[in-house]
Structures are given as structure tokens and as C-alpha cells.
Amino acid sequence: MTQDTMSLDMYVHGEWRAGSTGDVVEVINPAKGELLATVPNGSQEDLDAAIESAQEGFEVWRNTHPRVRGQIIYRIAETLKERAPEFAELYSLNSGGSIGTGMWTMNDVAGRRFEYYAGMADKIRGDSFVTPGQFLSYTLREPVGVTGHIVPWNGPLWIGSRTIAPALAAGNSVVVKPSSEAPITLLKFAEMAIECGLPPGVLNVVTGRGSGLGDLFTRHPGLDGIYFTGSTATGRRIMENSAGNPVRTVMELGGKSPNIVFADAGMEEALAGAILAIFANSGQICVAGSRLLVEESIHTEFVGRLAEMAKDITIGGPEAEALMGPVITARQKERVLDYIEQGKSVAELVAGGGTPSDPDLQAGFFVEPTIFDGVPNDASIAQEEIFGPVLSVSTFADQDEAIAMANDTQYGLASAVWTQNVMRAHQVAGELRAAQVYVNHYYTAAFEVSRSPYKASGHGVSEGPDAIFEFLNQKSVSIKTGEPPAW
Ligand code: NAD
């Protein structure tokens with residue numbers, strides 16, 4: 001893998017567009033701590049240009065036959081899969097995940113989503129209702145308009161595709177603001193999508209810092225909807241910003257997901273699942289299983305084995321194909337280490353607790369896989385999203401206590417249950433207040449079914465057939481067909 005510093009512009013109306021001020025944001029390779037690229041730090045003028053482009057693009061796209069829209073979106077899916085190695089490398093350089101994760105992201109996540117919503121483009125229909133001799137009423141399902149998408153750094157395409165694909169299928173135009181930490185993949189993707197036949201203006205990418213361009217973006221009166229994925233704190237700020245110009249918002253925010261292991265679980269699968277749940281991508285996954293709740297009777301053996309397994313976890317840069325890569329920034333590394341220090345004062349450290357000693361990993365932002373046992377449920381490491389490789393383990397006596405502890409959090413994004421008792425699995429799944437429940441596995445979600453976050457994890461529908469409604473306005477039309485009776 002080569003690493004020459006890239007200098008990229010924004011992508012607006014099917015062209016590369018330099019920033020109006022010349023100010024840039026530096027993008028760092030987290031595995032090496034080196035400058036990877038610069039992108040413009042976008043201004044109001046740049047944003048206005050992108051939104052104007054999207055308004056023009058919208059007029060073309062909404063009037064494009066839905067079948068043709070579907071064909072173009074399908075071409076995007078196929079091209080992304082063909083070019084997966086190139087996009088996987090960009091993802092790895094910028095977000096720090098392994099090339100294997102990048103390939104899976106392009107083929108089985110982002111590629112799959114564009115494929116899925118391509119098929120939906122010409123299946124958006126309304127309902128009709130006849131009041132005999134009086135009215136014919138029907139719904140028109142129309143695109144929302146210019147949709148603004150704000151995407152976190154941890155999966156620019158893997159997360160970005162979740163809103164961009166259905167937005168396009170429903171006939172909307174899109175302006176994306178990627179994270180200033182990881183803008184490269186989405187910029188290159190926009191160019192690829194236009195080459196696949198998307199009309200200019202239908203997909204635009206603006207770059208800049210969240211605290212500057214992000215605030216301008218979410219206050220912009222030209223947006224008809226805001227689709228945000230990121231932290232709960234930023235989500236709250238965006239809702240405040242957009243309140244002055246009330247538009248539809250969909251919020252996919254943070255999590256602190258419980259992973260519940262009952263004594264009757266398959267021990268080997270549950271151990272492997274618990275490791276994957278928190279240490280894959282160094283815990284930087286919104287649905288990471290960061291709280292492990294273990295039934296008392298198996299706790300000693302389970303945690304002992306987990307701590308042994310943590311010692312064998314591979315850590316390295318993207319080429320190493322390790323389970324754990326770096327965390328995204330030097331600042332995030334300090335934040336994670338600070339949480340580890342807090343953990344040491346309230347719980348027992350049973351694995352990790354610092355940075356790896358390997359000399360090759362000193363320049364990058366690496367943290368050891370860390371496990372705390374006996375964590376009180378009200379401790380900061382059990383309640384706050386760390387977004388790093390830190391696992392909090394607590395025990396429970398029975399099913400009711402497990403459910404109560406699992407739900408005792410401000411978040412409601414994901415959860416998992418490990419048991420061989422099918423009745424218990426359904427009972428617990430029904431009681432958990434979370435958008436996703438994994439039973440006897442972790443992470444393997446079906447994109448084809450819809451879900452909504454609970455509590456501080458956000459609102460709105462993601463994935464599957466129902467997500468399309470977040471990108472449509474519903475209009476009812478009633479036609480008088482006869483004389484209604486007098487009231
Ligand atoms: P973040 O909230 O710091 O940033 C997310 C995006 O918001 C970035 O593009 C950033 O530039 C932008 N932003 C920041 N301030 C802004 C502002 N004032 N106005 C508008 N935009 C602004 O999150 P992050 O560190 O990039 O990502 C990690 C967070 O994202 C974690 O909390 C994680 O749980 C969450 N996340 C959630 C999901 C999900 O599906 N629910 C998926 C991935 C990540």
C-alpha cells in the first residue's frame with residue numbers, strides 16, 4: 001500500500017470544485033499518524049453552490065423514469081463491487097480498518113444496499129380508497145427534495161450508503177457532508193456514481209469541519225431533510241440547529257449495547273461473540289457490545305477465558321488483517337485511555353489497560369484490548385459511549401435482573417442474547433429497548449428488515465423496505481365522483 005499525500009477538492013455538480021477560501025482540513029492516516037490528504041474546509045459559499053446544484057439535480061432526477069433510476073443505482077452497486085479493492089484501500093488508509101473489513105463493506109454492505117434499493121425504485125406506489133358514489137382518494141408518494149446527509153468517520157460508505165441509497169431510489173437529490181476525519185471514500189464514490197449515469201447535481205459532497213461547515217449545513221434553508229449518523233451530542237446540536245427551519249430529521253446516534261450471556265448459552269460461541277462484539281474495529285462500531293452481562297453461575301470461568309482470549313487478539317495496521325486497528329485520532333486515543341484510568345478506580349482490570357508495546361505501533365493511535373470486571377452499572381465506563389476497545393463486565397442473578405440492567409442506559413441501539421432456550425430468547429428480545437437484538441450471534445444483521453432506535457440513540461427508520469418512507473412525502477388527493485349526502 002502506498003501513501004502519497006492526496007490533495008482533493010469537493011465534488012459538486014459532477015465536477016471537482018476547489019474551496020472558495022483556500023483553507024484546508026488535514027486528514028491523518030490513523031495507523032501511522034501521518035498526513036494522508038487535504039480537503040477544502042468548505043464555506044457558506046461552497047455549501048450554497050452544492051445545494052443549488054442539488055436543487056437542479058432534483059428537478060432532473062424526480063422526473064427520471066423510476067425504472068431508469070433503478071438501473072443507474074444498480075450500476076452503482078455493480079461498479080462499487082468491481083472497484084471494491086480500490087475503495088477498500090481508501091477506507092483502510094483513512095479509517096484504519098483492515099482491507100478485509102473494507103472489502104466486506106464495499107461488497108456486502110454498501111454494494112448490497114445500492115442493489116437492494118435499486119430494486120425498490122420502481123415499486124414505490126400509493127394507496128387508493130373509494131367512497132362509493134362520492135370520492136376517489138389516493139396517495140401520491142413524492143420525493144422529499146434536497147436531502148442532507150451527515151456521516152461519521154467509522155464507515156463513510158458502510159454508513160453513508162444506508163441513507164444515500166434509499167434517498168436516490170425515492171427520487172431525491174443528495175448533499176453529503178462526510179466527517180472531516182474521513183472524507184476520501186465518499187468523495188471518490190460521488191465521482192464514480194456520476195460516471196455510472198447519475199445526472200450532475202444528484203449527488204454532491206462538501207467537506208469541512210463539523211463545528212464550522214456542519215453548523216452552516218444543518219441551518220441551511222435549502223435542505224428539505226437531514227439524515228444524520230453520529231454521536232448523540234452532535235445529534236442534539238443538529239436538532240437545535242434545524243429547529244429554526246423545521247425539516248424532517250432522521251437521527252442514528254450513539255449506543256452502549258448490552259451483550260447478555262445466560263448460563264445455558266453455547267460457551268464457545270458466546271466467548272467468540274463477546275470478543276468480536278467489542279474488539280472488532282477496535283470497538284469503534286455504533287452497535288459494539290461494550291457492556292457484557294454474564295449470569296453469575298458461569299461468570300468466573302467465562303471472564304477468565306475471555307481475559308486469556310484478549311491476550312491473543314491481533315493488533316496492527318490495515319495490511320496486518322488484525323482484528324484490531326488503530327483508533328481514529330490521537331485525541332480519541334487519549335479519551336479512551338482516560339476512560340481506562342476511570343475504570344481502574346471502580347472495577348477490576350483483567351486485560352489490557354494501556355497501549356501495545358510493539359515498536360511498529362508507536363506512531364499510530366493504538367490501544368490494547370481492555371476488559372474490566374465487576375463494573376457497577378452506574379459507572380461511567382458502563383454508561384458512557386467510549387467508542388474504543390474497552391469492555392465492561394457485570395453479572396446478573398436471573399432473567400429479570402439481566403433485562404433490568406440491560407435497559408438501564410440512556411441508549412437503545414443494539415443488544416444481544418446468548419441462550420439455547422428459545423422461549424427465553426423471545427422473551428428477552430421482546431423486553432429489550434433497543435433497535436436490534438442479536439440472538440446467538442453478534443453483528444450479522446439483515447439489511448432487509450427495518451428498525452428504529454430507542455431513547456438517546458435517535459429516531460426514524462433505517463434499513464429494509466420501511467426506510468424508504470423517510471425519503472418520501474405522502475400527499476392525499478381526493479376527487480369528487482358524486483354528490484355526498486348532506487351531513
Ligand atoms: P460525531 O458526532 O463527532 O460526527 C459525526 C458527523 O457529524 C461528522 O461528519 C462530523 O463532522 C459532523 N458534525 C460534527 N459536529 C457537527 C455540527 N455541529 N453540525 C453538523 N455536523 C457536525 O461522530 P463521529 O466521531 O464521527 O462518529 C462516532 C459516533 O457516531 C459514535 O457516537 C457512534 O455511536 C455514532 N455512530 C452511530 C451509528 C448508528 O448507526 N447509530 C453508526 C456509526 C456511528
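Both counts, for ligands and for their atoms, begin at 1 and track the order of listing. In this text the structure is predicted, and so the values were computed from the model without any measurement. Reckoned from all heavy atoms, side chains included, excluding hydrogens, waters and symmetry mates.
Among protein heavy atoms, atom 10 (C) of ligand 1 sits closest to Lys177 NZ, 3.9 Å. If you check which protein heavy atom lies closest to atom 23 (O) of ligand 1, you get Ser231 N, 3.6 Å. The shortest contact between atom 41 (N) of ligand 1 and any protein heavy atom is with Leu253 O, 2.7 Å. In this structure, atom 8 (C) of ligand 1 lies nearest to the protein heavy atom Val151 O, 3.5 Å. Among all protein heavy atoms, the one lying closest to atom 3 (O) of ligand 1 is Thr234 OG1, 3.9 Å. Nearest protein heavy-atom contact of atom 17 (C) of ligand 1 is Gly210 O, 3.2 Å. Annotation: atom 36 (N) of ligand 1 to nearest protein heavy atom, Cys286 CB, 3.5 Å. Looking only at heavy atoms of the protein, atom 24 (P) of ligand 1 is closest to Trp153 CD1, 3.6 Å.
Residue-level proximity to ligand 1 for Ser457 is absent, since no heavy atom of it falls below 4.0 angstrom. Only side-chain heavy atoms of Asn154 come within less than 4.0 Å of ligand 1; its backbone N, CA, C and O stay farther off. At a heavy-atom distance under 4.0 Å, no atom of Ile328 approaches ligand 1. Heavy atoms from both the backbone and the side chain of Asp215 come within less than 4.0 Å of ligand 1. Looking at Ile238 against ligand 1, only its side chain comes within 4.0 Å, counting heavy atoms. Under 4.0 Å from ligand 1, not a single heavy atom of Ile285 appears. Within the 4.0 Å heavy-atom criterion, both parts of Glu252, backbone and side chain, lie near ligand 1.
Close approach to Gly214 involves these atoms of ligand 1, each under 4.0 Å from a residue heavy atom: 19 (N), 20 (C), 21 (N). Within ligand 1, the atoms closer than 4.0 Å to a non-hydrogen atom of Gly254 are 32 (O), 34 (O), numbered from 1 in the order shown. Set against the non-hydrogen atoms of Glu385, the atoms of ligand 1 under 4.0 Å away are 31 (C), 32 (O), 33 (C), 34 (O). Near Ile150, with a cut-off below 4.0 Å to any heavy atom, the atoms of ligand 1 are 6 (C), 7 (O), 9 (O), 12 (C), 20 (C), 21 (N). Interface atoms of ligand 1 facing Thr229, defined by a heavy-atom separation under 4.0 Å, are 5 (C), 37 (C), 38 (C), 39 (C), 40 (O), 42 (C), 43 (C). Within the listing of ligand 1, atoms 18 (N) sit less than 4.0 angstrom from a heavy atom of Arg237. Each of the following atoms of ligand 1 lies closer than 4.0 Å to a heavy atom of Leu413: 41 (N). Listed by number with element, the atoms of ligand 1 under 4.0 angstrom from any heavy atom of Arg162 are 39 (C), 40 (O).
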Inset, instruction - Could you walk me through whether Tyr11 and Trp16 pass the side-chain contact (heavy atoms from CB on, under 4.5 Å) test, one step at a time? - result: CA-CA 5 Å; Tyr11 198 76; Trp16 293 100; 3.6 Å; yes

Inset, instruction - Could you check Met239 against His459 for side-chain contact (heavy atoms from CB on, under 4.5 Å), going step by step and ending with a plain yes or no? - result: CA-CA 11 Å; Met239 286 185 274; His459 60 253; 3.5 Å; yes

Legend entry - Verdict with supporting geometry, Lys344 and Glu341, salt bridge (Lys or Arg N to Asp or Glu O under 4.0 Å): CA-CA 5 Å; Lys344 287 176 184 170; Glu341 288 311 307; 2.9 Å; yes

Legend entry - Stepwise side-chain contact (heavy atoms from CB on, under 4.5 Å) test for Ile150 and Phe217: CA-CA 9 Å; Ile150 301 178; Phe217 193 91; 3.7 Å; yes

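To the nearest 0.5 Å, the span separating CD on Glu34 from CD on Glu26 amounts to 12.5 Å. Here Gln284 contributes atom CD and Ile278 contributes atom CD1; the two are 10.0 Å apart, rounded to the nearest 0.5 Å. Taking CG of Asn41 as the reference point, atom OG1 of Thr207 lies at 7.5 Å (rounded to 0.5 Å). In this structure, the separation between CE on Met106 and OG1 on Thr185 is 6.0 Å, given to the nearest 0.5 Å. Atom CZ of Phe87 is separated from atom CG of Leu186 by 9.0 Å, given to the nearest 0.5 angstrom. Here the CG-CZ distance, from Leu168 to Arg69, works out to 9.5 Å after rounding to the nearest 0.5 Å.
The heavy-atom pair separating Ile184 from Ala37 by the smallest distance is CD1-CB, 3.8 Å.
For the residues Phe228, Phe217, Tyr411, Trp158, the heavy atom positioned nearest atom 7 (O) of ligand 1 is part of Phe228. Considering each of Gly230, Gly255, Ser242, Gly148, the one bringing a non-hydrogen atom nearest atom 30 (O) of ligand 1 is Gly230.
Two rings, from Phe471 and Tyr117, have their centers 6.0 Å or more apart.
Ion pairing between Glu252 and Arg162 holds under the 4.0 Å rule for side-chain N and carboxylate O.
Of the N and O atoms on the side chains of Glu470 and Tyr227, not one donor lies less than 3.5 Å from an acceptor on the other residue.
Under the 4.0 angstrom criterion for non-hydrogen atoms, Phe387 is in contact with ligand 1.
When side chains are defined from C-beta on, Glu115 counts as touching Glu78, because their heavy atoms get closer than 4.5 Å.
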